[in-house]
Amino acid sequence: MRGKVSAVRIVRDWEREDGRHIEKVLLEKEGQGDGGDEPVRVTPIEDAALCETDEDLLGVESRSTINRLLRKYFEQEVLTPTEVMYNYKNLRKLMYHDTLLPSAVDRVATIHSRTTEGNHIEAASKLHRAIDTLAARARQVEKYDLPQFEDATIAEVRREIRQLRLAEDTDFLTMVALTRHLSSSRSWIGKLDFALKVKGDPKDNRARAMVDDVVADILGSPVALKDLLGPSRNFGEAVLLHIDLALGKARGNRGAAQDVLDLLNPLFAAGLMPKAQFVLFDYIARELKSPNSLSRSEEDANPLVEILDRLLNADGVVFGQPMVEALVERGARVRNVGGSRAFGEGVDEIATNLAPGWRRLAFLADVTKCERAGEIEGELAELTRKTVADMRGLRAFCGMQAKPREKMAMVTRMHENVSRSNFVEDLKHHLSERLDNGLADYLIREKVIERIDNPDLHLRQRAYMLVKFCSSGVLIEGKSATMARKRVVGYLRQPNFTDHLVDDLQDSGEKEGTLRDFYALLQRSGF
């Protein structure tokens with residue numbers, strides 16, 4: 001009754017033994033109303049995917065743009081771009097909805113003409129032609145009696161459609177049949193639940209791709225996300241829930257559709273729904289760029305630290321440059337700084353919230369790939385040098401709780417990140433040297449090689465373990481790798497090394513096989 005509803009009627013319905021239904025009205029009351037009188041307008045957007053054909057319109061980036069542009073309309077109708085573009089009834093309704101579609105085309109054409117330095121009228125004409133082509137395809141197949149999804153999977157429906165030998169593409173027709181069923185549901189969760197259950201065989205990549213398209217559109221709606229994950233206490237908690245969902249680790253709040261989340265999580269965790277993940281991370285980046293405060297009061301825990309924990313790993317920032325820029329903008333908002341200083345202050349704020357050192361270095365390496373990185377070259381260099389200033393025992397750089405192998409592997413990964421970054425050459429050389437020296441000092445301090453080369457073990461075991469250590473990926477090609485290789489080479493140069501390697505074996509065939517295996521291992525390890 002608190003919503004903008006014309007009226008509410010609650011009816012009790014029960015079935016008698018003879019099959020007849022009895023209904024009784026329990027409550028009928030006028031609502032606040034006025035919701036239907038509000039005109040649905042285009043949502044302002046600042047960027048749009050470039051598309052010129054009907055196939056471009058069907059792409060995930062284009063649908064994501066359409067979802068943002070016509071968000072109010074889609075939420076009012078409980079529809080997705082996919083349901084509109086493949087279903088002529090839905091598309092016709094949108095085309096005749098006042099001036100909504102022409103306004104949307106005009107807005108996108110303005111963005112296209114600005115980004116491509118082209119002509120606005122020409123850009124609008126291309127969009128209208130693409131829409132007309134898509135409408136003609138949808139209208140042509142509207143008359144087809146396509147198979148129903150009654151206890152059938154997408155693969156089964158596709159097979160039936162293929163047997164009909166119709167002129168239109170089988171996958172297009174399958175999506176038409178799918179959207180006919182989806183459009184009959186007025187619930188976001190109902191649509192999701194249906195889509196995830198009809199995909200059938202997990203190995204059917206085409207079926208999964210179709211479900212991916214449908215899920216991507218549904219999760220592009222903030223209302224659908226709230227229905228799926230439940231209400232949040234504040235904006236920061238909502239962002240964390242969205243990140244967890246994109247990573248396949250979501251646990252919803254009270255009121256969440258946990259059964260649907262249980263179907264989605266494994267698909268996201270395994271990377272089997274790339275389009276839906278793209279849409280989610282794109283939405284998360286836009287959330288971080290928004291002016292909304294992450295928490296309601298200063299006494300609340302800072303959600304930014306938890307957000308960074310989820311969005312940054314050894315490979316860098318999840319979702320790449322769009323997310324890096326979003327985080328920097330969020331950092332500038334935290335400090336309430338704008339203008340020319342915003343980028344530098346934003347980078348400094350995010351770096352301040354990152355520990356241990358490898359996380360700061362991974363973030364700063366990604367920052368170097370931003371267009372504005374050149375504006376803060378000096379500040380960026382100072383921040384980065386501080387990150388590798390303390391390499392004693394790798395505690396500050398890798399964290400106090402990290403295990404020895406984890407420390408070595410992380411330093412090596414960061415060395416690779418630095419080599420791929422856009423740091424200036426002098427700084428890149430300094431960072432590489434600091435990381436290599438830090439790892440070499442760690443090997444000496446912790447006597448890592450001595451522990452592997454245990455004199456109580458047979459020579460063959462020691463040699464095997466050392467060679468495998470050299471090729472394990474935890475050493476930098478520099479001082480640290482040289483130290484380990486030097487020990488192996490010392491063994492290889494021993495007189496009668498091969499005899500000593502197999503002197504505990506009796507069978508000559510076993511000796512020959514062991515030697516072949518060892519030299520194959522040496523070759524694979526670069527010796």
Side-chain angles (χ1 to χ4, degrees), residues 1-38 40 71-84 86-94 97 142 144-154 156-157 160 174-200 210-211 214-215 217-232 250-264:
M1 296 303 298
R2 289 194 296 269
K4 293 182 177 179
V5 191
S6 300
V8 171
R9 178 187 293 127
I10 299 175
V11 181
R12 175 189 288 163
D13 178 339
W14 70 93
E15 185 179 11
R16 291 176 45 158
E17 290 183 359
D18 60 3
R20 289 196 305 148
H21 283 256
I22 305 295
E23 291 186 355
K24 180 182 178 182
V25 177
L26 301 180
L27 172 69
E28 191 165 6
K29 195 170 182 179
E30 290 292 316
Q32 294 178 6
D34 300 329
D37 296 333
E38 293 184 5
V40 177
R71 176 160 293 164
K72 293 179 181 177
Y73 176 81
F74 289 134
E75 288 178 353
Q76 175 183 283
E77 298 295 326
V78 195
L79 289 172
T80 63
T82 296
E83 290 173 82
V84 169
Y86 286 97
N87 188 306
Y88 182 64
K89 288 180 181 177
N90 295 333
L91 181 55
R92 182 177 57 191
K93 186 175 181 180
L94 171 61
H97 193 285
E142 183 69 18
Y144 294 149
D145 184 16
L146 298 175
Q148 301 291 314
F149 278 89
E150 295 177 358
D151 299 322
T153 65
I154 293 176
E156 290 167 343
V157 169
E160 289 185 50
T174 305
M175 288 298 289
V176 171
L178 185 62
T179 55
R180 285 179 184 177
H181 190 102
L182 285 168
S183 298
S184 66
S185 173
R186 298 282 295 174
S187 159
W188 298 113
I189 301 305
K191 293 175 192 285
L192 270 176
D193 186 54
F194 166 75
L196 292 168
K197 287 178 178 175
V198 297
K199 67 180 175 58
M210 291 180 179
V211 172
V214 170
V215 173
D217 280 7
I218 295 172
L219 297 185
S221 164
V223 175
L225 284 172
K226 188 175 180 180
D227 288 351
L228 178 64
L229 296 164
S232 303
R251 291 292 303 174
N253 288 332
R254 178 177 292 183
Q258 193 59 50
D259 55 337
V260 179
L261 281 176
D262 291 341
L263 295 173
L264 275 174

Has D151 got more than 12 heavy atoms of other residues, nucleotides or ligands less than 6.0 Å from its CG? no
All side-chain hydrogen bond (donor to acceptor under 3.5 Å, both in side chains) counterparts of [X], not counting sequence neighbours:
X: R9; answer: E28
X: T82; answer: R63, D217
X: K72; answer: none
X: K93; answer: E77

Measure the shortest side-chain to side-chain distance between [X] and [Y] over non-hydrogen atoms and say whether it is less than 4.5 angstrom.
X: V198; Y: T153; answer: no
X: H181; Y: Q148; answer: no
X: T179; Y: T80; answer: no

Pairing residues for Y86 by the ring-ring contact (aromatic ring centres under 6.0 Å, His included) criterion, not counting sequence neighbours: F172
Test L264 against L228 for side chain to side chain contact (heavy atoms under 4.5 Å, CB included), laying out the working first. CA-CA 11 Å; L264 275 174; L228 178 64; 3.8 Å; yes
Taking atom [atom1] of [X] and atom [atom2] of [Y], what is their separation to the nearest 0.5 Å?
X: L79; Y: L91; atom1: CG; atom2: CG; result: 11.0 Å
X: L26; Y: R12; atom1: CG; atom2: CZ; result: 5.5 Å
X: T174; Y: E160; atom1: OG1; atom2: CD; result: 10.0 Å
X: I189; Y: D193; atom1: CD1; atom2: CG; result: 8.5 Å

Can you name the nearest heavy-atom pair linking [X] to [Y], along with the distance?
X: A195; Y: V211; value: O-CG2, 3.4 Å
X: V40; Y: Y73; value: CG1-N, 3.5 Å
X: D227; Y: W188; value: OD2-CD1, 3.5 Å
X: L263; Y: K197; value: CD1-CE, 4.1 Å
X: L178; Y: F194; value: CD1-CE2, 3.5 Å
X: A224; Y: I218; value: CB-O, 3.2 Å

Expected output: side-chain R71 to main-chain G220 donor-acceptor under 3.5 Å: yes
Donor-acceptor contact present, side-chain K191 to main-chain V78, <3.5 Å: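 Side chain of K191 to backbone of V78, a donor-acceptor pair under 3.5 Å: yes, one is there.
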Mind listing the side-chain donor-acceptor pairs of residues 251-260 below 3.5 Å, one per line with the distance, residues two or more places apart or on another chain?
residue, atom, partner, partner atom, Å
N253, ND2, P231, O, 2.9
N253, ND2, E237, OE1, 3.1
Q258, OE1, G252, N, 3.3
Q258, NE2, D262, OD1, 3.1

